[in-house]
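Notes for the one structure printed next.
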Amino acid sequence: MVDAQLIPRGIKDERVLTAMRKVPRHLFVDEPMQHKAYDDMALPIGEDQTISQPYMVAIMTELLQMKGDEKILEIGTGSGYQAAVLAELSLAVFTIERKAVLAKKAEERIRALGYANIKVKVGDGTLGWPEESPFDRIIITAGSPQLPQPLIEQLSDGGIIVAPVGDRFSQQLVVIKKLKGALSEQLHTPCIFVPLIGEYGWEKG
Ligand code: SAM
């Protein structure tokens with residue numbers, strides 16, 4: 001996966017490549033999907049949700065520019081795979097999933113693999129995790145109509161948010177940096193994510 005997909009498509013950060021070589025992606029999907037776990041595609045994980053395409057995980061992780069001592073917030077735990085990759089590269093990962101069934105399965109996988117630096121919570125991630133804020137990095141792994149204001153407030157100074165922003169069916173990766181209270185925004189790769197449903201996201205349905 002790393003040699004055939006990620007490096008040829010331009011992922012350069014050695015730390016990201018090493019983490020993605022290490023985390024066993026097949027353990028984050030159900031048994032019938034395991035033979036496809038390293039293919040260049042998103043896969044179903046139940047509840048009409050998906051584990052993101054490996055390239056999308058890699059590019060979003062690379063755009064977060066982590067050094068290793070960051071506190072991360074992820075919105076959209078899904079399978080738990082992205083959280084595990086983040087946990088390889090940072091101090092602590094706080095991840096929120098709105099679907100309890102997925103959060104429970106993700107937590108079981110994360111515990112079985114021995115990740116002690118990941119905390120999973122069920123809830124509306126568009127509200128963030130105020131008790132644990134501020135966060136050095138925030139990643140949204142569902143398509144958002146705009147950046148949820150609570151997440152901007154919970155980002156530390158010098159922090160970075162990476163999120164797919166657009167309409168319900170197609171988005172573009174947006175990188176937001178906060179410096180001395182001011183925000184700057186850069187647009188990246190076009191992408192397609194399942195919708196972010198919540199108070200500062202899309203309505204359910
Ligand atoms: N990061 C995941 C992984 O590694 O498997 C993939 C995430 S999947 C593309 C998007 C997830 O976001 C779904 O599991 C969905 O239920 C969740 N989601 C959507 N809206 C949410 C919200 N407001 N708060 C938390 N999770 C949300």
Side-chain angles (χ1 to χ4, degrees), residues 1 16 19-20 22-30 33-34 36-39 41-64 72-90 93-110 113 115 118-130 132 135 137-151 154 161-166 168-171 173 189 191-205:
M1 179 183 86
V16 174
M20 292 193 62
K22 185 172 170 198
V23 179
R25 188 172 157 90
H26 64 284
L27 298 183
F28 289 84
V29 292
D30 290 337
M33 281 293 150
Q34 286 188 350
K36 292 187 169 178
Y38 298 93
D39 290 358
M41 58 171 78
L43 293 171
I45 54 170
E47 302 282 311
D48 287 331
Q49 305 302 322
T50 53
I51 177 173
S52 305
Q53 179 194 25
Y55 172 69
M56 215 22 86
V57 174
I59 186 79
M60 291 180 85
T61 308
E62 188 169 75
L63 289 169
L64 286 171
I72 319 279
L73 175 65
E74 180 195 24
I75 313 304
T77 314
S79 67
Y81 176 71
Q82 173 80 71
V85 171
L86 295 170
E88 291 285 340
L89 297 166
S90 65
V93 179
F94 295 82
T95 179
I96 309 176
E97 170 56 54
R98 65 182 282 272
K99 299 212 168 224
V101 175
L102 296 181
K104 183 167 178 281
K105 271 170 102 171
E107 184 149 29
E108 283 166 8
R109 293 175 180 128
I110 284 162
L113 288 168
Y115 288 103
I118 304 177
K119 261 191 170 180
V120 183
K121 173 170 119 165
V122 177
D124 177 4
T126 70
L127 302 173
W129 197 326
E132 296 292 351
F135 298 97
R137 301 287 186 270
I138 299 178
I139 177 171
I140 307 178
T141 64
S144 184
Q146 73 269 315
L147 275 185
Q149 186 59 30
L151 301 186
Q154 291 171 34
I161 302 179
V162 176
V165 177
R168 263 189 184 253
F169 307 103
S170 67
Q171 307 88 30
L173 288 186
T189 322
C191 50
I192 300 175
F193 277 79
V194 294
L196 181 76
I197 310 285
E199 192 170 328
Y200 293 84
W202 296 101
E203 276 181 26
K204 199 171 167 224

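Below, each value reflects all heavy atoms present in this structure, side chains not excepted, and no hydrogens, waters or symmetry copies. Every number for a ligand or one of its atoms is a count from 1 in the order of the listing.
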Output for pair (K105 NZ, D30 CG), nearest 0.5 Å, gives 3.5 Å

Taking atom types as modelled, is there a side-chain donor on T61 or Q82 under 3.5 Å from an acceptor on the other? yes

Listed by chain and number, what are the salt bridge (Lys or Arg N to Asp or Glu O under 4.0 Å) partners of E88, not counting sequence neighbours? K22

Parallel, tilted or perpendicular: ring planes of W129 versus F94, cut at 30 and 60 degrees: perpendicular

Kindly print each ligand 1 N/O atom paired with any protein N/O atom under 3.5 angstrom away, one pair per line, or none if nothing qualifies.
unit_1   : atom_1 : unit_2 : atom_2 : d
ligand 1 : 1 (N)  : E74    : OE2    : 2.9
ligand 1 : 1 (N)  : G76    : O      : 2.9
ligand 1 : 1 (N)  : T141   : OG1    : 3.1
ligand 1 : 4 (O)  : Q82    : N      : 2.9
ligand 1 : 5 (O)  : S79    : N      : 2.9
ligand 1 : 5 (O)  : S79    : OG     : 2.6
ligand 1 : 14 (O) : E97    : OE1    : 2.7
ligand 1 : 14 (O) : E97    : OE2    : 3.3
ligand 1 : 16 (O) : E97    : OE2    : 2.6
ligand 1 : 20 (N) : I197   : N      : 3.0
ligand 1 : 23 (N) : D124   : OD1    : 3.0
ligand 1 : 23 (N) : I197   : O      : 2.6
ligand 1 : 24 (N) : G125   : N      : 2.8
ligand 1 : 26 (N) : R98    : N      : 3.2

Could you tell me which non-hydrogen atom of P54 sits nearest to which non-hydrogen atom of R25, and how far apart they are? CD-NH2, 3.5 Å

Using 0.5 Å steps for rounding, measure from the NZ atom of K121 to the CG atom of L73. 9.0 Å

